[in-house]
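Below is one structure, written out as structure tokens; comments come after it.
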Protein chains: 2
Amino acid sequence: MKTDCQLCPYISTAAAKLAGCDLNLLSDNHIVVSFKKGDSIIKQGTYSTNVIFLRKGLVKIHITGPYSEQIVKLAKPPTYLGLPTTMGDKINQYSITALEDTEVCFIDMSTFRQLLKSNDDFAFEIIHSLCRYEIESFRRCAHRVQKQTRGNLAEMLLDMSKNIFNSDRFQLPLSQSEIGNLIDTSRESVSRMLSELEKDGIISMQGKQIEIIKKKSLELISQNG
Amino acid sequence: MKTDCQLCPYISTAAAKLAGCDLNLLSDNHIVVSFKKGDSIIKQGTYSTNVIFLRKGLVKIHITGPYSEQIVKLAKPPTYLGLPTTMGDKINQYSITALEDTEVCFIDMSTFRQLLKSNDDFAFEIIHSLCRYEIESFRRCAHRVQKQTRGNLAEMLLDMSKNIFNSDRFQLPLSQSEIGNLIDTSRESVSRMLSELEKDGIISMQGKQIEIIKKKSLELISQNG
DNA sequence: GCCATTTTGTGATTTAAATCACAATGCATA
DNA sequence: TATGCATTGTGATTTAAATCACAAAATGGC
């Protein structure tokens, strides 16, 4: 499925810098693909010559560690994915899996490179976003390590609320065991801490449905615990 | 101190893509500065309008976490530093401190941006390297978390040997407490584990001077421990 | 060379969280 | 609707590593 990027409501900040023939080039050289919850979008170790633009949905980025698969982060639209692959050795360096029904554009690598070449604002935006990811990843690492589980769980809930769902009520997009994997703890600890937060009236849960009741308390836990 | 980039032996892969007037632009708009061991090169929270090119020496990148300063990684030449700052809000998002006597080029932001504009190979190289950092940081996080201290220490030693000093003998550029900070453990644990490795004849130490004796064993510990 | 400060070594104790074990519950699909 | 697999809840136990405490070395400035 090909679409006219000119009309795309999901267009990225970077692509918004493109105009005229650049945008036509993009329109002519990408394919929109839908994925269902749980589908693998890219798989570490496989070959790829596409940049992926996440236009709709939610995905997890995960990487094989020395012992087990580790969720590195979640990504939501609009964002480019798989840049490192495309820039580097063409082998995917991590896996991406859909957490919800998701739509992405597969953009041919040579097209992408062409755009970088011909449009410096586009390149600048890409660099800008890569830099933001870097900072974010530094920050996350430092926090993950210096806090204990309770604080990390609180931080994750706040992050989902603020940055992903823009709401104090949302459906957890991960199982407890995946949450453990993301915040570097065990599935059992996640279960215990969630119950605890509920018992303390800080959140309420029905199944995977979360509501943050006392945001201030949660922020305090995130900062201090 | 201004220098002619054309003649610079430390020139980066990216800058090597520049030619003629681009290189002159760079030559005319940067300053080489020397730092002594321990000197702060950039400080988180301060204002900056320069990209920094690390041409000689060794630095640590550190970031203030919720409780304490955390060393994120070491960086060695040739590499650009402080890109995120320059691209983003002009406030340094992390600190950089010299671990050895170090030389850097301060490149004016507008010059750097001009180079990105006028030379797509340059931009491409910058993007390429940012992507490599991202992968590397994902990988490091996953390993750090899934291994225990012994394995992380072994990995750090191998990393220094292979990627920084290119030798099985080298001087530790960090104190044990800094090492602990880098590999997410306590100063005491670092001390204990180093002694252990020495007792087992895997490394030898005199002060900060390290020699890796049984590299195979160390690799095994790095992988399994 | 001397003194103050930082760094390192090592034992004893505490602790957060992993692991183990098993029951209960939910969810998907045949 | 029944059957099977994945997810969740919770107690008991173990464990890696932090913390505490203190001594010994090393380092750097004067």
Between A/Ser161 and A/Lys215, is there a side-chain heavy-atom distance shorter than 4.5 Å?
yes

Rounded to whole Å, how long is the line connecting atom CD1 of A/Ile183 with atom P of C/dA17?
10 Å

Take A/Glu136 and A/Arg140 through the test salt bridge (charged side-chain N to carboxylate O under 4.0 Å, His left out) and record every step on the way to the result.
CA-CA 6 Å; A/Glu136 188 45 33; A/Arg140 203 171 17 234; 3.7 Å; yes

Under 4.0 Å between any heavy atoms, over every strand shown, what does A/Ser175 touch: base, sugar-phosphate, or nothing? Just pick one.
sugar-phosphate

Pairs of donor and acceptor atoms involving the side chains of residues 192-212 of chain A, under 3.5 Å and at least two apart or interchain, shall be tabulated with distances.
residue, atom, partner, partner atom, Å
A/Ser195, OG, A/Ser191, O, 2.8
A/Glu196, OE2, A/Arg150, NH1, 2.6
A/Glu198, OE2, A/Met205, N, 3.1
A/Glu211, OE1, A/Arg169, NH1, 2.6

Reading 5' to 3' through nucleotides 9-14 of chain C, protein heavy-atom contacts under 4.0 Å coded B for base, S for sugar-phosphate only, - for none:
BBBB--

Looking only at side chains, do B/Ser137 and A/Ser137 share a donor and an acceptor under 3.5 Å apart?
yes

Between B/Tyr80 and B/Ser12, is any side-chain donor less than 3.5 angstrom from a side-chain acceptor?
yes

Look at the side chain of B/Gln44 and the backbone N and O of B/Thr64, then say whether any donor-acceptor pair between them is shorter than 3.5 Å.
yes

Test your reading of the model: is there a side-chain donor-acceptor pair from B/Lys76 to the backbone of B/Asn163, 3.5 Å cut-off?
yes

Degree of bending in the helix from C/dG1-D/dC30 to C/dA30-D/dT1 once both end axes are built from five pairs, to 10°:
60°

Can a side chain N or O of A/Thr185 be found less than 4.0 Å away from OP1 or OP2 on C/dA17?
no

Residue pairs meeting ring pair (Phe, Tyr, Trp, His ring centres under 6.0 Å), one or both in residues 169-215 of chain A, sequence neighbours left out, come to A/Phe165-A/Phe170

Has B/Thr149 got a side-chain N or O lying under 4.0 Å from the OP1 or OP2 atom of D/dA17?
yes

Going by side chain to side chain contact (heavy atoms under 4.5 Å, CB included), A/Thr97 matches just one of A/His62, A/Glu69, A/Lys37. Which one?
A/His62

Send over the distance from B/Gln146 CD to D/dA16 C1', rounded to a whole Å.
17 Å

Just N and O in the side chain of B/Lys208: are any of them under 4.0 Å from OP1 or OP2 of C/dT7?
no

Protein-nucleotide distance (A/Glu198, atom CD; D/dT8, atom C1'), rounded to Å:
13 Å

How close or far is atom P of C/dT6 from atom CD of B/Glu178, stated in whole angstroms?
13 Å

Do B/His30 and B/Thr111 have a side chain donor and acceptor closer than 3.5 Å?
no

In whole Å, I'd like the distance from the CG atom of B/Leu153 to the P atom of C/dT8.
13 Å

My understanding is that only residues two or more places apart in sequence, or in another chain, count here; which of them pass disulfide bond (SG atoms under 2.5 Å apart) with B/Cys131?
none

Measure CE/B/Met193 against C1'/D/dA18 and give the value in whole Å, please.
11 Å

Rounded distance in Å - CG (B/Asp184) to C1' (D/dA18):
13 Å

Give every pair of a protein N or O atom and an N or O atom of nucleotides 24-30 of chain C that lie under 3.5 Å apart, one pair per line with the distance.
none

note: B/Gln206, atom CD; C/dT7, atom C1'; distance rounded to Å ~ 18 Å

Are any of the side-chain heavy atoms of B/Gln93 and B/Ile91 separated by less than 4.5 Å?
yes

